[in-house]
Amino acid sequence: MDRRRLLQYGLGSLGLAVAGKPMLVRAAGKAHRREAFADELAVPPVLASEKQADGRELIAFAAREGSREFFSGVETPTLGYDGDYLGPTIRVRQGQRVRIRFRNRLRQTTTVHWHGLHVPARWDGGPRQPVGAGASWEPEFTIRQQAATLWYHPHAMGLTGAHVYRGLAGLFLIDDEVSDSLPLPRDYGIDDIPLVVQDRRFFEDGSFAYVQSMHDIMHGVLGDILLVNGLDRPFMKVPRGLVRFRILNGSNSSIYKLRFSDARQFFVIGSDGGLLSRPVTAAEAIMTAGERLELLVDFSDLGTGDGLRLMVDHYGGYSHEALAFIGSGRAARVNQVPESLREQSRLEASAADTSRYLAMETRSGRGMGMMGRGRLSINGRKMDLNRIDERVALGSTEIWEVENVSGMMMQVPHSLHIHDVQFNILDRNGQPPAEIEAGRKDTVLLWPGERVRLIMRFENYTGIYMYHCHMLEHEDDGMMGQFEVVDPDRISRAASRLLSPES
Ligand code: C2O
Ligand code: CU
Ligand code: CU
């Protein structure tokens, strides 16, 4: 791979207009990009719970400010959960009662949202549950879903992009009996490795270049430096055999294509909401902002000291050598890719009680602003905390048909995410979904002009949840709506009380 050309390409692509400060130019000024593949990959620690006086376990963590040397000799101001950048991995089991104490040690309001988790609306951690500077928040809920790789991140109104960009995000893993019993790698940090993939751009003084021109709002704040678990081009030693990767596209707005430098095939074993029914062979995988994939990669052919790279191609044009794998010569614990994983029942269109239509629109219609603000909407509306956009009956199964309606001028992809549920993709442009998209999902990519039909069931909890574009600059600009799950029995009981006043 021609590194020099990539760098030049990267710099060339920095023709994004940024008012004021210049962008970081590597090897200029004080900031020097760190040597490639010199730092060993860091794996976020699993957050240990604390035993309370009443004998119950408490998961406690805090958001705080910090700094990190992404570039040699320059400190970048950051945000992190417990540490300087990103956060510890929260690990729970299906059926577990989880009690959390979150402290906001920032100087700003934030929230903690459990992305992909089915929780009561008041513990969802969306923009309706702000945690003020210095305040705490203590959610308590039961894990009512199967093993999966979820994540947590802030979600305060209008601030999600700014907080995530500076480092607030962590993994949230669920285990269950099925995932325990499958012959998959599951030694966390040894052969079961989380990879949080994020692109970032920096100013020359080392600070994050999180500014939003109209271009940045429309296309997302895209960066020329790719971080894996918060490190620029780390390396990891891999055993001879299988390694499992739990990959999160933790970028603000980027779409990535993942592949290996030697074009080797790998096996996709899980999507957003859990394992697939069987491993799917692939040589590349596309991931939109907020999506997760679990992969098995076979390194049994790698001799001691041999290497290859994880490549991350950015839809915006950059191509990154993201992570180097170096053969350790050690024997892996798992060598055989299982034939099947977990039986996953899919919801069928015939099961639906209702359907809805969501247009994710990019246009400069009447009454909309001249600049970026105003162009992004869902069904012509921008997010309003005081408006419920959709009412859903508890216990119902619904089809949401989502279309990316892009104007002639603005061909922008979107990443639709729905809180509270895991859905199935019924079809994409009328075609059945690809095998890696056929499992449980909570986030879905829509290229300009695309139309997907999603099916989901709303169970257990009533209350108000969000759906939105997970391109965080779009979300913060208002490409978000609220749905309220209501209990139809309670409504009809209330109605019959009104109709018969004497009762
Ligand atoms: Cu990942 Cu509404 O969030
Ligand atoms: Cu979410
Ligand atoms: Cu979008």
Side-chain angles (χ1 to χ4, degrees), residues 115-116 118 145-151 245-249 254-259 265-296 313 315 339-360 378 397-406 412-458 467-471:
H115 179 127
H118 176 52
Q145 74 199 76
Q146 61 177 253
T149 298
L150 312 181
W151 63 301
F245 294 101
R246 301 173 188 254
I247 304 179
L248 162 65
N249 178 342
S254 298
I255 300 165
Y256 298 138
K257 184 166 82 186
L258 273 58
R259 60 189 171 88
Q265 296 202 317
F266 51 86
F267 305 89
V268 180
I269 59 166
S271 55
D272 298 330
L275 293 166
L276 300 178
S277 47
R278 59 182 194 84
V280 177
T281 310
E284 56 183 52
I286 293 177
M287 296 183 75
T288 188
E291 263 187 317
R292 286 87 62 212
L293 281 181
E294 289 192 36
L295 311 182
L296 286 183
D313 300 332
Y315 158 73
E339 296 262 302
S340 63
L341 297 163
R342 159 170 225 151
E343 186 118 9
Q344 294 288 12
S345 54
R346 279 174 52 84
L347 288 166
E348 297 300 329
S350 57
D353 305 297
T354 313
S355 33
R356 291 171 204 274
Y357 172 73
L358 302 184
M360 302 184 81
I378 300 179
T397 299
E398 298 205 350
I399 294 173
W400 288 18
E401 181 168 9
V402 190
E403 187 176 7
N404 179 338
V405 181
S406 279
V412 184
H414 298 296
S415 180
L416 181 81
H417 168 53
I418 308 175
H419 289 209
D420 181 41
V421 292
Q422 291 288 331
F423 53 73
N424 285 132
I425 301 176
L426 283 173
D427 42 51
R428 178 181 279 285
N429 303 320
Q431 301 299 312
E435 257 185 298
I436 71 167
E437 279 200 323
R440 289 160 59 82
K441 303 239 348 115
D442 54 50
T443 306
V444 61
L445 172 62
L446 287 113
W447 293 107
E450 281 198 311
R451 191 183 269 259
V452 296
R453 285 197 312 149
L454 314 175
I455 187 164
M456 66 215 96
R457 192 198 297 280
F458 296 87
Y467 56 91
H468 58 88
C469 184
H470 219 286
M471 295 178 169

Between [X] and [Y] (judged by ring centroids, cut-off 6.0 Å), do the two rings come close enough to count as a pair?
X: W400; Y: Y467; value: yes
X: H414; Y: H470; value: no
X: H417; Y: W151; value: no

For this session: Could you walk me through whether D427 and V452 pass the side-chain contact (heavy atoms from CB on, under 4.5 Å) test, one step at a time?
Result: CA-CA 6 Å; D427 42 51; V452 296; over 6 Å; no

Between [X] and [Y], is there a donor-acceptor pair closer than 3.5 Å when you use the side chain of the first and the backbone of the second?
X: R346; Y: A438; value: yes
X: S406; Y: G449; value: no
X: N429; Y: R451; value: yes
X: R457; Y: Q422; value: no

For a 4.5 angstrom cut-off between non-hydrogen side-chain atoms, does [X] reach [Y]?
X: E437; Y: V444; answer: yes
X: L293; Y: L295; answer: yes
X: C469; Y: M360; answer: yes
X: L150; Y: Q145; answer: yes
X: T354; Y: I399; answer: no
X: P279; Y: E435; answer: no
X: M471; Y: S415; answer: yes
X: T397; Y: I455; answer: yes

Which heavy atom in [X] sits nearest to a heavy atom in [Y], and how many Å separate them?
X: F266; Y: A285; result: CZ-N, 4.1 Å
X: L426; Y: L347; result: CD2-O, 3.8 Å
X: D442; Y: V421; result: CB-O, 3.9 Å
X: G274; Y: A148; result: N-CB, 3.8 Å

Looking just at side-chain N and O atoms, do [X] and [Y] make a donor-acceptor pair shorter than 3.5 Å?
X: Q344; Y: Q146; result: yes
X: R278; Y: S340; result: no
X: E291; Y: T443; result: no
X: E450; Y: N404; result: no

Exercise. Between R453 and E401, is there a side-chain N and carboxylate O pair less than 4.0 Å apart?
Worked result: no

For this session: For the pair R259 and E284, find out whether any cationic side-chain nitrogen is under 4.0 Å from an anionic carboxylate oxygen.
Result: no

For this session: Could you point out which residue of H468, K441, M456 forms a side chain to side chain contact (heavy atoms under 4.5 Å, CB included) with I418?
Result: M456

Would you give the length of the straight line joining atom [atom1] of [X] to atom [atom2] of [Y], rounded to the nearest 0.5 angstrom?
X: E348; Y: N424; atom1: CD; atom2: CG; result: 8.5 Å
X: F245; Y: I269; atom1: CZ; atom2: CD1; result: 11.0 Å
X: T288; Y: L445; atom1: OG1; atom2: CG; result: 4.5 Å
X: E294; Y: F267; atom1: CD; atom2: CZ; result: 15.5 Å
X: L248; Y: T149; atom1: CG; atom2: OG1; result: 9.5 Å
X: M287; Y: R292; atom1: CE; atom2: CZ; result: 8.0 Å

Exercise. How far apart are the C-alpha atoms of Q265 and T281, what are their side-chain angles, what is the distance that settles it, and do they pass the side-chain hydrogen bond (donor to acceptor under 3.5 Å, both in side chains) test?
Worked result: CA-CA 7 Å; Q265 296 202 317; T281 310; 5.3 Å; no

For this session: Before giving the answer on side-chain contact (heavy atoms from CB on, under 4.5 Å), spell out for S271 and I436 the whole-Å C-alpha distance, their side-chain angles and the decisive distance to 0.1 Å.
Result: CA-CA 7 Å; S271 55; I436 71 167; over 6 Å; no

